[in-house]
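Shown next, in structure tokens, is the structure this report addresses.
By convention in this document, chain letters (A, B, ...) are assigned in the order of the sequence lines, proteins followed by strands, and residues within each chain are numbered from 1. As the structure is a prediction and not an experimental result, all values here were calculated from the model.
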There are 2 protein chains.
Amino acid sequence: MATPMTRPFPSFEPVNPPVHGGREVALFAGCPELLGTPFSYGREEEIYGEGEDADVVYRVVDGAVRTHKVLGDGRRQITGFHLPGDLFGFEQGEAHRHSAEALSDTKVLIFRRSAIQRAAARNADVACHLWNMATRGLRHAQDHMLLLGRRSAVERVATFLIDVDERLGGTGTFALPMTRRDIADYLGLTIETVSRTLSQLEEAGTLLRTGGRQVSLRLQRLRRVVED
Amino acid sequence: MATPMTRPFPSFEPVNPPVHGGREVALFAGCPELLGTPFSYGREEEIYGEGEDADVVYRVVDGAVRTHKVLGDGRRQITGFHLPGDLFGFEQGEAHRHSAEALSDTKVLIFRRSAIQRAAARNADVACHLWNMATRGLRHAQDHMLLLGRRSAVERVATFLIDVDERLGGTGTFALPMTRRDIADYLGLTIETVSRTLSQLEEAGTLLRTGGRQVSLRLQRLRRVVED
DNA sequence: CGTGAGATTGACTGTACTCAAATGTGGTGG
DNA sequence: CCACCACATTTGAGTACAGTCAATCTCACG
């Protein structure tokens, strides 16, 4: 476990960009009083489930997390993938209305909601930051609603690949950190459709697959597929 | 225009329940320093568009508002309908990433973002309330993602009807305040599918249509359609 | 080298979409 | 009050895109 220390972010605004291997334990820059407790989860381990008490908020330090909702018959919608730097676990009421699991071995920082609220009351910057965090999430949700409601399978997959690439550094070459099932449940498709669509994109020379999860994107062409 | 006055809400938590004809101008209870400016919009009038400066936040006083995103080719996804009491117009950055229009003649209160942030810094309750507001929006967005990604047409329409009914008083009988196009663009369907689905539900004795927008729901049966 | 989970591919099906026509509704002015 | 109009909604016929079911392939790991 990393020893608690206060290394603030260089800039105020971008909390999102990955901070692989970071050892920050403060929730926000310039807020040394709001410290998080390091914690680890194994691959596929549940972080919290629907209905559980929502008295803490998490920040990913290393690894990746998915949050999702399920229907009674098992249909699942993944609402987001959370990479290093991302916050997740906000909840309006007492209990979680969705679940969270680690995609791979994952390190997080845990912050008590009560402590956050106390800090927000004392420090205007913290309050502002929280507001930004939440509206950032709202924006992502709105984008994703547009994708789920109005985009075709190819567009969904292309959008997804571009997005993951950006969040992983933007080199165009990376290993997808999740299974086809997770991708399908995020995009509102089936694994078969995701698979077929990837094959179709590869056939069109829009990407290259080398081994199971590894992909190389032709970003130009991929962006032309999305066209928004 | 209503004269500014400070009538705080009786309770702290529920800002959402409709306050038809309310004349409150304070954003939150117990926050007389944060006053809004009353403003009106006509039917179908644009409140703000994508790309415009997002320096204010709105609260619906009377009427109804829709917020949406569009793709280049015109495909549209409505991300939410906002009824009296609801806040909308939050944005993470400088500019709006979506648009908002009045469904019918609508009265709103306008609050400057800078004023809100100043108030949040001074008043812990306000900061807490803002946090709640934003996470409330996030929860709705997550529910809607599940609907868009994983639910069938009948389930979407049924869910929608139940939801509108609840927000309009829960009597089971009401006039839909929006067109089929709006419903379709909210549910990720086409107007034809919405229409057919309503006919199908009526045929099954799950609801009654009297005149264009007027409906009477058999809530029991309708809930059985949704089953979650 | 065998095993099993994950991924791909194939054949077929079904739900929701598209295009098109008919019907209903509310508003306006004679 | 009614005729007329524009527009919203419903209904119909045919299609297509993504889903289902099932077989095969790949690859990491013991």
Can you check side-chain contact (heavy atoms from CB on, under 4.5 Å) on Asp185(B) and Arg150(A), steps first, answer last? CA-CA 9 Å; Asp185(B) 285 349; Arg150(A) 290 301 180 209; 2.8 Å; yes
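Looking at the side chain of Thr179(B), the nearest of the listed nucleotides dC17(C), dT20(D), dT9(D) is dT9(D). Each of dT11(D), dT9(C), dA18(D) was ranked by its minimum atom distance to the side chain of Ser195(A); first place goes to dT9(C).
Contact annotation: Arg209(A) reaches the phosphate of dT8(C) (side-chain N/O to OP1 or OP2, under 4.0 Å). Taking only side-chain nitrogens and oxygens, Ser199(A) never comes nearer than 4.0 Å to OP1 or OP2 of dT8(C). Distances shown here put a side-chain N or O of Arg180(B) below 4.0 Å from the OP1 or OP2 atom of dT10(D). Contact annotation: Arg213(B) does not reach the phosphate of dA8(D) (side-chain N/O to OP1 or OP2, under 4.0 Å). Thr190(B) has no side-chain polar atom (N or O) that falls below the 4.0 Å cut-off from OP1 or OP2 of dA16(C).
A salt bridge does not link Asp143(A) with Arg97(B): none of the charged nitrogens is closer than 4.0 Å to a carboxylate oxygen. In this structure, Glu202(B) does not pair ionically with Arg218(B), as no charged nitrogen and carboxylate oxygen lie closer than 4.0 Å. Between Arg76(A) and Asp182(A), at least one side-chain N (NZ, or NE/NH1/NH2) sits under 4.0 Å from a carboxylate O, which counts as a salt bridge. Ion pairing between Glu44(A) and Arg66(A) holds under the 4.0 Å rule for side-chain N and carboxylate O.
The CZ atom of Arg181(B) sits 11 Å away from the P atom of dC17(C) (whole-angstrom rounding). One interatomic measurement links the two molecules: CZ of Arg43(B) to P of dG26(C), which rounds to 12 Å at whole-angstrom precision. What separates CG of Asp73(A) from C1' of dG19(D) is a distance of 15 Å, to the nearest Å. Rounded to whole angstrom, the span from the CD atom of Glu202(B) across to the C1' atom of dG24(C) amounts to 14 Å. Atom CG of Leu198(A) and atom P of dT8(C) are 6 Å apart (whole Å). The separation between Leu176(A) atom CG and dG6(C) atom C1' is 13 Å, rounded to whole Å. In this structure, Leu201(A) atom CG and dA7(C) atom P are separated by 17 Å, rounded to whole Å. Straight-line distance from the CD atom of Gln200(A) to the C1' atom of dA16(D): 14 Å, rounded to whole Å.
Take the nearest nucleotide of DNA chain D for Leu189(A) and for Val194(B): the residue whose nucleotide is more 5' is Val194(B). In terms of position along DNA chain C, the nucleotide closest to Ile191(A) lies nearer the 5' end than the nucleotide closest to the other residue of the pair Glu192(B) and Ile191(A). For Gly188(B) and Gly212(A), each mapped to the nucleotide of DNA chain C holding its nearest heavy atom, the one lying further toward the 5' end belongs to Gly212(A). Annotation: of the two residues near DNA chain D, Met178(B) and Arg196(B), the 5′-most nearest-nucleotide partner is Met178(B).
Under 3.5 Å, the side chains of His96(A) and Glu50(A) contain no donor-acceptor pair of N or O atoms.
In this pair, Phe90(A) and Trp131(B) present their aromatic rings perpendicular. The plane angle is above 60°, beyond the 30 to 60° band. Taking the six-membered ring where the residue is Trp, His98(B) and Tyr48(B) present perpendicular rings, their angle passing 60° and hence far from 30°.
Residues from residues 142-159 of chain B with heavy atoms under 4.0 angstrom of DNA chain C, sorted by number: Ser152(B), Ala153(B).
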